[in-house]
Amino acid sequence: MTYQYWNEKFETMSRPELASYQLVQLKKMIGYSLRTPFYAARLKAVGISSPDDIKALSDLKRIPFTTKNDLRSGFPYGFLSINRDDVIRLHASSGTTGIPTTIYFSRDDIKNWTSFVARCIYGTGCNKTDVFQNMITYGLFTGGLGFHAGGEEVGMLVIPSGSGNTTRQFRLMQDFGTTVVHATPSFLLHVEAKMKEEGINRDSLKLKRAFAGAEPYSEDTRRRIEELLNIDVFNSYGLSEMNGPGVAFECQCKNGLHLWEDGYIAEIVNPDTLEPVPDGETGELVLTILCREATPILRYRTRDLTAFYTEPCACGRTHRRIHRITGRSDDMLIINGVNLFPSQIEEVIMAIKEVGNNYLIVVEKEGVLDRLTVKVEVRPDIFMDDSRPLNAIKEKIRKTLQASITINPRVELHESGALPVSEGKAVRVQDSRPKDV
Ligand code: AMP
Ligand code: ZN
């Protein structure tokens, strides 16, 4: 196979050169970090008050980890390290308390991010002759604009279709000869099922490739999508705190995701001890961004579980590969690509006066998509045999939840004391989706 590189110099750089480059970039990031109140205090506490206090990459270990809660504590501008007037965009992800973590980008940051995404796309074999339909949510979520810009950078014809509405997606694919799509793996499976339902002939489409990410999926699921749609599927990993897509991506070998080490320093640690795991063992991925001046984030605990491959890749890229993500070290659920912490649900329903003491979050597969049901006990003084007020309560819970978590849940009301009470730590989540990763 011949491999194509978007930026050959950087993608195939020798490991020692890569390390020297990382050190230079890390020092820059330390310089920016020191301009934020959070890192100024954190870094000074460990004796780092200037970039020159970082002499080697191993000095990174002196810096404490950063968590999602740290980022929230600085909302809205606490992690901004450049002049507000030099920021040209923000993205955000929502979290447990409803306070989003917000990431700012300068013009150069957007350029850097775009070139990492372009590198990922080009590395799968795409080029300017491709027509790219970006079937993912646009907006604060980074997958929309991130891939959009990367696709344009490669020179592809980009169709900003957004997610949902399969009938319209098929029309666009047929009208413009789409050759590559980006979506969550569950949406790709949904698209395939709808194609059958609507009698769309696969041969009427020019589809060759898909980029699939934003949620965990197994090698079996990848193969299933590839066979059903007769395309190549490439795994795309990213998170808003680290720009979004463009952190790690599969090359044409489709055997692990190259994590771009000229943009990120990656560590894998034991989530309990926070000590590095031996090479090749599974642990929590910790990332330091090297390519963003407006919001530097050092040693971020992603909570994503993965392991490094220990052998080099046949494609010639020198950047280490990670295994597909196998789970999380916290309780975050990913429902059709949308992140959700159980505590977000608790906060909303417990503020509703008709709600009793117990609730249960049920996640299951309905066809190929995820389905969220929230089972809620009502207060003891509410009569279960009068359906009119009950329907109103149900609708109120559903609407309030949807407004807060952006997922439309099914709501079930139960009599006080009807939901199972576990001995010991309450079990609030029943996730019956197959775990085949
Ligand atoms: P967000 O910040 O909303 O983009 O969500 C980022 C999170 O989505 C990551 O921390 C992962 O938990 C998950 N995620 C993104 N891409 C993948 C992928 N390819 N495989 C598994 N999980 C993913
Ligand atoms: Zn490779």
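Just so you know, ligand 1 is whichever comes first in the structure, and atom 1 is the first atom listed for that ligand.
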State the atoms of ligand 1, each with its element, that fall below the 4.0 Å cut-off from a heavy-atom position in [X].
| X | answer |
| --- | --- |
| F141 | 4 (O) |
| G238 | 6 (C), 9 (C), 15 (C), 16 (N) |
| R328 | 10 (O), 12 (O) |
| I325 | 20 (N), 21 (C) |
| G213 | 19 (N) |
| L239 | 2 (O), 4 (O), 6 (C), 10 (O) |

Handout entry: Near-ring test F116/F249, centroid separation under 6.0 angstrom
Key =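 Judged by ring-centre distance (under 6.0 Å), F249 and F116 do not meet the cut-off.
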Practice task
Determine, using ring centers only, whether F79 and Y104 are less than 6.0 Å apart.
Solution key: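 Here the rings of F79 and Y104 have centres that are no less than 6.0 Å from each other.
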Specify side chain, backbone, both or neither for [X], according to which of its non-hydrogen atoms lie closer than 4.0 Å to ligand 1.
| X | value |
| --- | --- |
| I334 | side chain |
| S240 | both |
| E215 | backbone |

Problem - Check: H258 main-chain N/O paired with H319 side-chain donor or acceptor under 3.5 Å - result: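 Looks like no, no N/O pair under 3.5 Å.
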Practice task
Have a look at R328 and tell me which of L305, T302, D304 forms a side-chain contact (heavy atoms from CB on, under 4.5 Å) with it.
Solution key: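 Exactly one pass, corresponding to D304.
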Exercise for the section: For ligand 1, find out whether one of its N or O atoms is nearer than 3.5 Å to an N or O atom of T142. Expected result: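 The answer is no, given that T142 and ligand 1 share no N or O pair closer than 3.5 Å.
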Exercise for the section: Give yes or no for whether the N/O distance cutoff of 3.5 Å, strictly under, is met between S236 and ligand 1. Expected result: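 Yes - when backbone and side-chain N and O of S236 are compared with those of ligand 1, one distance drops under 3.5 Å.
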Ring of [Y], cation from [X] - is the NZ or CZ under 6.0 Å from the centre and inside 45° of the axis?
| X | Y | value |
| --- | --- | --- |
| R292 | W113 | no |
| R321 | F308 | no |
| R119 | Y5 | no |

Problem - Within-4.5 Å side-chain heavy-atom neighbours: L71 and E241 - result: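 Yes, close enough: below the 4.5 Å cut-off.
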To check your reading of the model: name the closest protein heavy atom to [atom], its residue, and the distance in Å.
| atom | answer |
| --- | --- |
| atom 16 (N) of ligand 1 | A214 N, 3.1 Å |
| atom 10 (O) of ligand 1 | D304 OD2, 2.6 Å |
| atom 3 (O) of ligand 1 | N339 ND2, 3.2 Å |

Exercise for the section: Quickly, which of F147, F187, Y122, Y237 forms a ring-ring contact (aromatic ring centres under 6.0 Å, His included) with F211? Name it, please. Expected result: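 Running ring-ring contact (aromatic ring centres under 6.0 Å, His included) over F147, F187, Y122, Y237 with F211 returns exactly one hit, F147.
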Handout entry: the Zn ion (ligand 2) reached by C253 (N, O or S, under 2.8 Å)
Key =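 False for C253.
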Exercise for the section: Kindly assign one of parallel, tilted or perpendicular to the pair H323 and Y309, based on the angle between their ring planes and the thresholds 30° and 60°. Expected result: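 Geometry flag for Y309 against H323: parallel rings.
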Practice task
Using only heavy-atom distances, determine whether the side chains of E364 and S432 contain a donor-acceptor pair under 3.5 Å.
Solution key: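 Per modelled atom types, E364 and S432 side chains form no pair under 3.5 Å.
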Handout entry: C251 atom SG and C315 atom SG as seen from the Zn ion (ligand 2), angle to 10 degrees
Key =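 Result: 120°, to 10°.
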Exercise for the section: Report yes or no: does G244 have a heavy atom closer than 4.0 Å to ligand 1? Expected result: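 No, G244 has no heavy atom closer than 4.0 Å to ligand 1.
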